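Right, one structure below, let's go through it.
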There are 2 protein chains.
Amino acid sequence: MTDSSSLALEHLPGGSAPLYERIADEVRRRVDAGIWSRGHRLRSEAEIAADLQVARGTIRRAIALLVESGHLVQRQGVGTFVAGREGLRVPGRFESLGQRMERNGVDHETVELGRDVVDAPQPSGAPVRSLRVRRLRLLDGVPMSVLVNQIPLDIAPGIEQVDLVTMSLYTLLEKSFHVAIEHSELTFGAIAADAELAALLDVPVGAPLTHLVQSTYGPGDVRIDDAETWIRPDRHQPTVSLWRTNS
Amino acid sequence: MTDSSSLALEHLPGGSAPLYERIADEVRRRVDAGIWSRGHRLRSEAEIAADLQVARGTIRRAIALLVESGHLVQRQGVGTFVAGREGLRVPGRFESLGQRMERNGVDHETVELGRDVVDAPQPSGAPVRSLRVRRLRLLDGVPMSVLVNQIPLDIAPGIEQVDLVTMSLYTLLEKSFHVAIEHSELTFGAIAADAELAALLDVPVGAPLTHLVQSTYGPGDVRIDDAETWIRPDRHQPTVSLWRTNS
DNA sequence: CATTATTTGTACGTATGTATA
DNA sequence: ATATACATACGTACAAATAAT
């Protein structure tokens, strides 16, 4: 009966998140980590519910999230299984970060790790004196991403003394410094967590992280911000919508 | 209090479909028909439930379907409303990797790993008979990415017999099947290589891979392609350009 | 082939928490 | 402060699909 591997959620993080989300997170973690591989059969809803001392409806809701995201499949009368790749995972079904934060106000938190003023080298031209700030972003108390931003001081004079944990950086630039953001270039990849990132994001060394490099420009291709971000893929997956331009 | 407009589902035989689906269908019909237009406030869940003599949970489940599909939005403490059509996402331009390599004359090669015809489940609606093709892309003879695409057969009839290794899939769809590509939704993250991907991409098991899930749509939001891609980040890092709308 | 046990699916009902007006 | 409305969670019961007896 595919015993073993009971859930044991005593150490479930994110105390404030709903129970069904925490359960789903834990199951997703095990699937993504390969602890439960393709075809693995979960215990029955009733058993899991009894184990965790929660109602079966709560288990069903957690499982529903993972069926949505393509992690699990269910078959009536048979059981619940870890999905293979035979079914594609369709976007738009993931809960975007914006939606999640919108939905429950602000359960996210930003911690500043440090800041300094540096002469940032430019692709073309002389170095530009810039504020460099390193921040850690948490969702439901669990680390989600590490952000490093570099903002030229002449773009936002005085920003080196401004608090950057309460407001979105871009909101601050637009509202307080009247910097218009026009476009940005985004390059993304994956990278294994080194010791420093692993410690900050609370993952094992070597765990895969989403790696983002983004340059943001204002009118006239003025460089506004250079950013590098590392994201725990189990905590957030960015989504963008792309439209065909008229060539 | 936006009264009026109670549901009255007497004429909802619907036969075998679950109650929550029939209720959702009726609400969706009214929204699509414009009987309830953007911003219209629905009666409270409790009121609807009392009206229809069903449990509130059943109403919630019906509404959940429509929130998922973007027809409705809910705000705690306020109410349930008919959603607008505005998207909050950032428009951008995306050149498919295949197109980019075509343009630059990079030495690349595509190997087909297999193809079959499947009934692909859709986020909403019945499964669609689709071609599923798995391909491996190499750059300078070294594996770069694994691609799985699903293209509905009614979009490109006969594509199941077409060679897909010489030309970019999107170029093929546009040039040979006259399928206009309008936009796509792109979700990205990182994932550790499992045994299968590791073998295909010639990396150690557990190596970080860029993971991409992309749905592509034509005019009228017709679904053209669902794709899932795993990329060796040391071989390629996708870039997108994002522009601010209007203003 | 029929029966039975198991498991998911649907629907009901209740209670309490939280956000908003 | 109060009332309203959605959000979460609990629990029960039965139906439907499946697999084993």
Side-chain angles (χ1 to χ4, degrees), chain A residues 1-3 6-7 9 12 14-25 27 39-68 71-83 95 99-108 140, chain B residues 1-3 6-7 9 12-25 27 39-68 71-83 121:
Chain A
M1 272 307 131
T2 331
D3 154 82
S6 64
L7 266 177
L9 301 175
L12 278 192
S16 67
L19 194 47
Y20 67 88
E21 277 189 14
R22 281 180 284 157
I23 295 172
D25 281 346
V27 175
H40 174 87
R41 179 191 172 152
L42 274 64
R43 315 183 63 205
S44 77
E45 296 172 351
E47 285 173 331
I48 299 175
D51 270 11
L52 303 186
Q53 307 260 51
V54 301
R56 187 185 149 211
T58 303
I59 300 298
R60 274 190 68 74
R61 186 154 181 192
I63 290 176
L65 288 179
L66 299 171
V67 169
E68 286 279 318
H71 286 85
L72 301 179
V73 293
Q74 286 195 296
R75 286 172 53 205
Q76 183 172 357
V78 185
T80 304
F81 304 86
V82 173
E95 191 178 28
Q99 287 170 333
R100 186 165 187 170
M101 296 197 305
E102 226 176 77
R103 189 165 52 75
N104 264 344
V106 194
D107 216 357
H108 74 294
D140 298 327
Chain B
M1 272 303 146
T2 332
D3 135 280
S6 65
L7 265 179
L9 299 176
L12 279 195
S16 60
L19 194 45
Y20 67 87
E21 274 188 15
R22 282 181 281 159
I23 295 173
D25 283 346
V27 174
H40 174 86
R41 178 194 172 148
L42 273 64
R43 315 183 63 205
S44 77
E45 296 173 350
E47 285 173 332
I48 299 175
D51 271 12
L52 302 186
Q53 307 260 51
V54 300
R56 191 186 146 209
T58 304
I59 300 299
R60 273 190 69 73
R61 187 156 179 191
I63 290 177
L65 288 178
L66 299 170
V67 168
E68 182 101 23
H71 286 84
L72 302 178
V73 293
Q74 287 195 297
R75 287 171 52 204
Q76 183 172 358
V78 185
T80 304
F81 304 86
V82 173

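On a predicted model such as this, the values are computed, not experimentally measured, just so you know.
When every heavy atom of B:Leu65 is checked against every heavy atom of B:Ala24, the shortest pair comes out as CD1-CB, 4.1 Å.
Atom CZ in B:Arg56 sits about 14 Å away from atom P in C:dA15, given to the nearest Å. With rounding to whole Å, A:Leu52 atom CG is found 12 Å from D:dG11 atom P. The CG atom of A:Leu19 sits 15 Å away from the C1' atom of C:dT16 (whole-angstrom rounding). Between A:Phe81 atom CZ and C:dT8 atom P the separation is 8 Å, expressed in whole Å. Counting to the nearest Å, the C1' atom of D:dT8 and the CD1 atom of A:Ile59 are 14 Å from each other. Protein atom CD of B:Gln76 is 18 Å distant from nucleotide atom P of C:dT16, rounded to whole Å. Residue A:Glu21 contributes atom CD, which lies 11 Å from atom C1' of D:dA7 at whole-angstrom precision. The distance from atom CD of B:Glu45 to atom P of C:dT14 is 16 Å, rounded to the nearest whole Å.
The backbone N or O of B:Ser44 sits less than 3.5 Å from a side-chain atom of B:Glu47, completing a donor-acceptor pair.
When each of A:Val54 and A:Gly77 is assigned the nucleotide of DNA chain D with its nearest heavy atom, A:Val54 is the one assigned upstream, toward the 5' end.
In terms of phosphate contacts, A:Arg75 brings no side-chain nitrogen or oxygen within less than 4.0 Å of OP1 or OP2 of C:dT8. Considering only side-chain N and O atoms, A:Tyr20 lies under 4.0 angstrom from the phosphate OP1 or OP2 of D:dT8. In this structure, B:Thr80 reaches the D:dC6 phosphate: one of its side-chain N or O atoms is under 4.0 Å from OP1 or OP2. Dashed line: the shortest gap from a side-chain N or O of A:Arg61 to OP1 or OP2 of D:dA7 is not under 4.0 Å. The phosphate of C:dC12 (OP1 or OP2) has a side-chain N or O of B:Thr58 nearer than 4.0 angstrom. In terms of phosphate contacts, B:Gln74 brings no side-chain nitrogen or oxygen within less than 4.0 Å of OP1 or OP2 of D:dA5.
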Quiz: residues 72-81 of chain A side-chain donor-acceptor pairs under 3.5 angstrom, not counting sequence neighbours:
unit_1, atom_1, unit_2, atom_2, d
A:Gln74, NE2, A:Glu45, OE2, 3.0
A:Gln74, NE2, A:Thr80, OG1, 2.9

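Of the candidates C:dG13, D:dA19, D:dC6, D:dC6 carries the atom nearest the B:Arg60 side chain, counting heavy atoms from C-beta on. Which of C:dT8, D:dT8, C:dT7 sits closest to the side chain of A:Pro18 comes down to D:dT8.
At a threshold of 4.5 Å between non-hydrogen side-chain atoms, the residues B:His71 and B:Val27 do not count as touching.
Atom OG1 of B:Thr58 and atom CD of B:Gln53 lie 12.5 Å apart (nearest 0.5 Å).
Within the 4.0 angstrom heavy-atom criterion, no nucleotide atom of any strand lies near B:Gly57.
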